Enquirer: 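Starting off with a structure, shown below.
Basis for what follows: all heavy atoms, side chains included, without hydrogens, waters or symmetry-related copies. Predicted, not measured: the structure shown is a model, and the values here were computed from it. Just so we're on the same page: letters track the sequence lines, and every chain starts at 1.
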Amino acid sequence: MIRAIKGTRDILPPASAVWNEVEQAARRVFGGFNYQEIRTPIFEETALFARGVGEETDIVSKEMYTFEDRDGSSLTLRPENTASVIRAFIEHRMDQIPGLKKLFYIGPMFRRERPQKGRYRQFSQIGAEAIGSDFPGVDAEVIEMVAALLDACGVKGSRLLINSVGDPESRARYVAKLKEDLAPHIEALSPDSQRRVTTNPLRVLDSKAEQDQPIVEKLPSIHDFLTDACRDHFAAVRRYLDDRGIAYEVTPRLVRGLDYYTHTTFEFLHGALGAQNAICGGGRYNGLAESLGSKVAAPGIGFSIGEDRLVMAVEEARGGTAASVLRLFIAPMSDEAFRKGAVLAGAVRAAGASVEVGPPAKLKRLMELANKAGAAYTLLIGEDELAKGSYVLKAMASGEQAHVSEAELVERLRA
RNA sequence: GUGCCUAUAGCUCAGUCGGUAGAGCGCCGGAUUGUGGUUCCGGAUGUCACGGGUUCAAAUCCCGUUAGGCACCCCA
């Protein structure tokens, strides 16, 4: 038997309805913030991600689906979408369009990791990018938009973590200091953290290893290394969040895995997602466009929501799946009745209701089908009904029946 | 890449000391010739993941493989 590839999965009904609701909510909420959709290809030149995300990141160094095209060029299934959006921004000279460019996307991403709860090799992200401003008010609005979407989806109890990782110079000084402070304790660190000291010292900060905690606690905060400008930016973001009544936790140890982040970084956490509890991650990336070859500065900020995880949180919040949406099942007792039923179905659908027309069959069988389909109403069409042009409409929950004409039928089922 | 757990009907699972396959739900038919759900009666399901070993005998014990899950790493 051929099965879905490891780390991929089929989204079947009724779960697929939840995905649609989440995506519709995103389009509605983002539209309210004046964001417009961008659709970029799901594969790109490998160099885009290597340069954009960072050669040394785990994503690029070991998680990408990279393959050689027939002409020998190296292509990669996108592991994230920010680099692609910035590429499109540069390619189409969107800097020439007046104002702040506010773009959102919904689509699949690919990373070759070991699957676990909330993590898949093909997963979907809902994200947005605001490009063309380094005004901290944009940072706050972007974060507000995520909070608004979670709210629209009925997801309660998420936590917002924010931090500033400063500009590249501040961060370089901080990383150097971390290496210096960690060097004497290298033997006492966990094996993972020993490796991090050389690969990515910032990662030591959020180590889960018990033995690392005494050492981590004594490390300086990145906030001590921020320039005045960085500090001002971060203070402004917090002030603008306060204005909006958005609760947050300043977390100096919050570091993000992608190289391009500057200044603001943030994360939304949610319980009941398993160990992978981050439902959204984001941050500012003022230098990304230039590192991808833009001749003009294009400071931006964005986020991506793990749609798989958001759907999990929504399902958890509801505690169940949605009920059937079928309004009417038409039960024809003959071929002639079936032909009439199909015509009636068209009229009811035009009024906005969902209709299923059963095959010609015995009434008992049709009633069983109507019940299994979860129909709110069933319309009986037999010899008598055809002769009179008056049909039996039965409300399935109460069992009540009434004789209705075509016009009455349409009116009673109008959505 | 590393560790732990799991694999029996469409689904959720039971299967004792090794003795040759079970339940609930679902599905199909009937009780009911134009009335579903509830109830009652009847029925169909299976390479016990795959391969090997031990044994008179393996779903059960042992080894290997594959697949899945969870956790680490990392991240959404």
Enquirer: Just N and O in the side chain of A:Q116: are any of them under 4.0 Å from OP1 or OP2 of B:C72?
Expert: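 Result: yes.
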Enquirer: In Watson-Crick or G-U wobble terms, both distances under 3.5 Å, what is the partner of B:A67?
Expert: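 In the structure as shown, B:A67 has B:U6 as its Watson-Crick or wobble partner.
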Enquirer: Can you tell me the base-pairing partner of B:U60? Count Watson-Crick or G-U wobble geometry only, both distances below 3.5 Å, and say none if there is no partner.
Expert: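 Pair assignment: B:U60 / none.
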Enquirer: Tell me what A:R111 touches on the nucleic acid: a base, only sugar-phosphate, or nothing, going by heavy atoms under 4.0 Å.
Expert: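 The answer is base, as A:R111 lies within the cut-off (heavy atoms under 4.0 Å) of a base atom.
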Enquirer: Can you work out whether A:A4 or A:A209 has the more 5'-proximal nearest nucleotide on RNA chain B?
Expert: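 The answer here is A:A4.
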Enquirer: Which base, if any, makes a Watson-Crick or G-U wobble pair with B:G42, both distances under 3.5 Å?
Expert: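 The answer is B:C28, by the H-bond criterion.
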Enquirer: If we take the C1' atom in both B:U45 and B:A9, what is their distance in whole Å?
Expert: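 After rounding to an integer number of Å, I get 6 Å for this pair.
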Enquirer: With sugar-phosphate meaning primed atoms plus P, OP1 and OP2, does A:R9 contact a base, only sugar-phosphate, or nothing at under 4.0 Å between heavy atoms?
Expert: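 The answer is nothing, as A:R9 stays clear of every strand by at least 4.0 Å.
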Enquirer: Counting the atoms with a prime plus P, OP1 and OP2 as sugar-phosphate, which does A:A337 contact under 4.0 Å by heavy atoms, base, sugar-phosphate, or nothing?
Expert: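 No contact at all - A:A337 keeps every heavy atom at 4.0 Å or more from the nucleic acid.
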Enquirer: Are any of A:K6's side-chain N or O atoms less than 4.0 Å away from OP1 or OP2 of B:A67?
Expert: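 For B:A67, OP1/OP2 do not have a side-chain N/O of A:K6 under 4.0 Å.
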Enquirer: Is it true that A:R414 and A:E411 make a salt bridge, defined as a side-chain N closer than 4.0 Å to a carboxylate O?
Expert: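 Counted as a salt bridge, because a side-chain N and a carboxylate O are separated by less than 4.0 Å.
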Enquirer: Within this structure, what is the OH-to-P distance between A:Y120 and B:G68, rounded to whole angstrom?
Expert: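 Rounding to the nearest Å, OH of A:Y120 and P of B:G68 are 13 Å apart.
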Enquirer: Are A:E129 and A:Y285 close enough that a side-chain donor and a side-chain acceptor fall under 3.5 Å?
Expert: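 Indeed, the side chains of A:E129 and A:Y285 share at least one donor-acceptor pair under 3.5 Å.
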Enquirer: At under 4.0 Å between heavy atoms, what does A:G274 touch on the DNA or RNA strands: base, sugar-phosphate, or nothing?
Expert: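 Answer is sugar-phosphate: A:G274 comes under 4.0 Å of backbone atoms only.
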Enquirer: B:A76 P sits how many Å from A:L310 CG, rounded?
Expert: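 That distance rounds to 15 Å.
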Enquirer: Quick one: does A:E267's side chain get under 4.5 Å of A:L254's, heavy atoms only?
Expert: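 When only atoms from C-beta onward are counted, A:L254 and A:E267 do touch, with a gap below 4.5 Å.
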Enquirer: Separation of A:D192 atom CG from B:G3 atom P, in whole Å?
Expert: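 Rounded to whole Å, this separation is 14 Å.
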Enquirer: For nucleotides B:G51 and B:G15, find the distance between their C1' atoms and express it as a whole number of Å.
Expert: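 Pairwise C1' distance, B:G51 against B:G15, rounds to 24 Å.
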Enquirer: Look at all strands and tell whether A:A275 reaches a base, only sugar-phosphate, or nothing, counting heavy atoms closer than 4.0 Å.
Expert: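 Sugar-phosphate, no base atom in range.
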Enquirer: Roughly how many Å is it from CD in A:E129 to C1' in B:A76, rounded to a whole number?
Expert: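 In whole Å, B:A76 C1' lies 13 Å from A:E129 CD.
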Enquirer: Would you please indicate yes or no on a ring centroid separation below 6.0 angstrom for A:F30 and A:F104?
Expert: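 That pair passes the under 6.0 Å test.
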Enquirer: When the P atoms of B:U16 and B:C61 are considered, how many whole Å apart are they?
Expert: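 It works out to 9 Å between them.
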Enquirer: With a 3.5 Å limit on both atom pairs, tell me what B:C72 is paired to, counting Watson-Crick and G-U wobble, or say none.
Expert: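 Checking every strand shown, B:C72 finds its partner in B:G1, with both distances under 3.5 Å.
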Enquirer: Just call it for A:F110: base, sugar-phosphate, or nothing, with non-hydrogen atoms closer than 4.0 Å on any strand.
Expert: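 Contact class for A:F110: none.
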Enquirer: Determine which nucleotide pairs with B:C48, using a 3.5 Å limit on both distances of a Watson-Crick or G-U wobble pair.
Expert: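 Result: none.
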Enquirer: For the pair made of CD in A:E267 and C1' in B:C75, what is the distance, rounded to whole Å?
Expert: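 Spelled out: CD on A:E267 to C1' on B:C75 is 9 Å.
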Enquirer: When you compare B:G10 with B:U66, how far apart are their P atoms, in angstrom units rounded to a whole number?
Expert: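 Pairwise P distance, B:G10 against B:U66, rounds to 25 Å.
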Enquirer: Determine, for A:E368 against A:K364, whether the closest basic-nitrogen to carboxylate-oxygen distance falls under 4.0 angstrom.
Expert: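 Judged by the 4.0 Å cut-off on N to carboxylate O distance, A:E368 and A:K364 do form a salt bridge.
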Enquirer: Is there a side chain to side chain contact (heavy atoms under 4.5 Å, CB included) between A:L182 and A:I186 once you walk through the steps?
Expert: CA-CA 6 Å; A:L182 286 168; A:I186 192 92; 6.0 Å; no
Enquirer: Could you tell me how far B:U8 sits from B:C13 if I compare only their P atoms? Round to whole Å.
Expert: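 Rounded to whole Å, the distance is 9 Å.
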Enquirer: Taking only side-chain nitrogens and oxygens of A:R114, does any of them come within less than 4.0 Å of OP1 or OP2 of B:C75?
Expert: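 Result: no.
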Enquirer: Answer with base, sugar-phosphate or nothing: what part of the nucleic acid does A:E368 contact at a heavy-atom distance below 4.0 Å?
Expert: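 Sugar-phosphate: the residue A:E368, judged by heavy atoms under 4.0 Å, touches backbone atoms but no base.
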Enquirer: Rounding to the closest angstrom, what is the interatomic distance between B:G29 and B:U38 at atom P?
Expert: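 Nearest-Å result for B:G29 against B:U38 at atom P: 16 Å.
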Enquirer: Has A:K208 got a side-chain N or O lying under 4.0 Å from the OP1 or OP2 atom of B:C73?
Expert: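 True: A:K208 side-chain N/O within range (under 4.0 Å) of B:C73 OP1/OP2.
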Enquirer: Side-chain donor-acceptor pair under 3.5 Å between A:D167 and A:S170, yes or no?
Expert: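 On atom types as modelled, these side chains qualify, holding a pair under 3.5 Å.
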Enquirer: Any carboxylate oxygen within less than 4.0 angstrom of a Lys/Arg side-chain nitrogen, looking at A:K177 and A:D181?
Expert: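 Yes, this pair counts.
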Enquirer: For atom P, what is the distance between B:A59 and B:G52, given to the nearest Å?
Expert: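 Those two atoms are separated by 14 Å.
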Enquirer: Look at all strands and tell whether A:M109 reaches a base, only sugar-phosphate, or nothing, counting heavy atoms closer than 4.0 Å.
Expert: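 It contacts nothing in the nucleic acid.
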Enquirer: So, A:R239 and A:D242, do they make that salt bridge, N to O below 4.0 Å?
Expert: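 A:D242 and A:R239: not salt-bridged.
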Enquirer: Using the P atom as the point on both nucleotides, what is the distance between B:A14 and B:A23, in whole Å?
Expert: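 Between the two P atoms, the distance is 16 Å.
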Enquirer: Does A:R112 count as lying over the ring of A:F110, i.e. NZ or CZ under 6.0 Å from the six-ring centre, within 45 degrees of the axis?
Expert: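 So A:R112 doesn't make the cation-pi contact.
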Enquirer: Expressed as a whole number of angstroms, how long is the span from A:R119:CZ to B:C74:C1'?
Expert: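 So the CZ-C1' distance, A:R119 to B:C74, works out to 6 Å.
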Enquirer: Does B:U16 have a Watson-Crick or wobble partner in any strand here, with both distances under 3.5 angstrom, and which is it?
Expert: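 Paired with no nucleotide.
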Enquirer: With both distances under 3.5 angstrom, what nucleotide forms a Watson-Crick or G-U wobble pair with B:G37?
Expert: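 When the pairing criteria are applied, nothing turns out to pair with B:G37, so the answer is none.
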Enquirer: Nearest nucleotide by nearest heavy atom, which residue falls closer to the 5' end of RNA chain B, A:D206 or A:G7?
Expert: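 It is A:G7, whose closest nucleotide lies nearer the 5' terminus.
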Enquirer: Could you list, one pair per line, each protein nitrogen or oxygen that sits under 3.5 Å from a nitrogen or oxygen of nucleotides 30-35 of chain B, together with the distance?
Expert:
| unit_1 | atom_1 | unit_2 | atom_2 | d |
| --- | --- | --- | --- | --- |
| B:G34 | O6 | A:E383 | N | 3.4 |
| B:G34 | O6 | A:D384 | N | 3.3 |
| B:G34 | N1 | A:E385 | OE1 | 3.1 |
| B:G34 | N1 | A:E385 | OE2 | 3.1 |
| B:G34 | N2 | A:E385 | OE2 | 2.7 |
| B:U35 | O2 | A:K394 | NZ | 2.8 |
| B:U35 | O2 | A:Q401 | OE1 | 3.1 |
| B:U35 | N3 | A:Q401 | OE1 | 2.6 |
| B:U35 | O4 | A:Q401 | NE2 | 3.2 |

Enquirer: Quick check: do A:P79 and A:F49 have side-chain heavy atoms less than 4.5 Å from each other?
Expert: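 A:P79 vs A:F49: side chains touch.
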Enquirer: Has the side chain of A:R203 got a donor or acceptor atom sitting under 3.5 Å from an opposite partner on the base of B:C73?
Expert: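 No, no donor-acceptor pair under 3.5 Å.
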Enquirer: May I have the distance from A:I59 (atom CD1) to B:C73 (atom P), rounded to whole angstrom?
Expert: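 Taking CD1 of A:I59 and P of B:C73, I get 16 Å after rounding.
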Enquirer: Is the base of B:G36 touched by the side chain of A:N371 through a donor-acceptor pair closer than 3.5 angstrom?
Expert: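 Present.
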Enquirer: Is there, by distance only and without an angle test, a donor paired with an acceptor across the side chain of A:Q276 and the base of B:A71 below 3.5 Å?
Expert: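 Not at all, since no donor on one side and acceptor on the other fall under 3.5 Å apart.
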Enquirer: Counting only Watson-Crick or G-U wobble pairs whose two distances fall under 3.5 Å, which nucleotide matches B:A21?
Expert: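 For B:A21, the partner nucleotide comes out as none, under the 3.5 Å rule.
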Enquirer: Expressed as a whole number of angstroms, how long is the span from A:F266:CZ to B:C75:C1'?
Expert: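 Roughly 15 Å, once rounded to whole Å.
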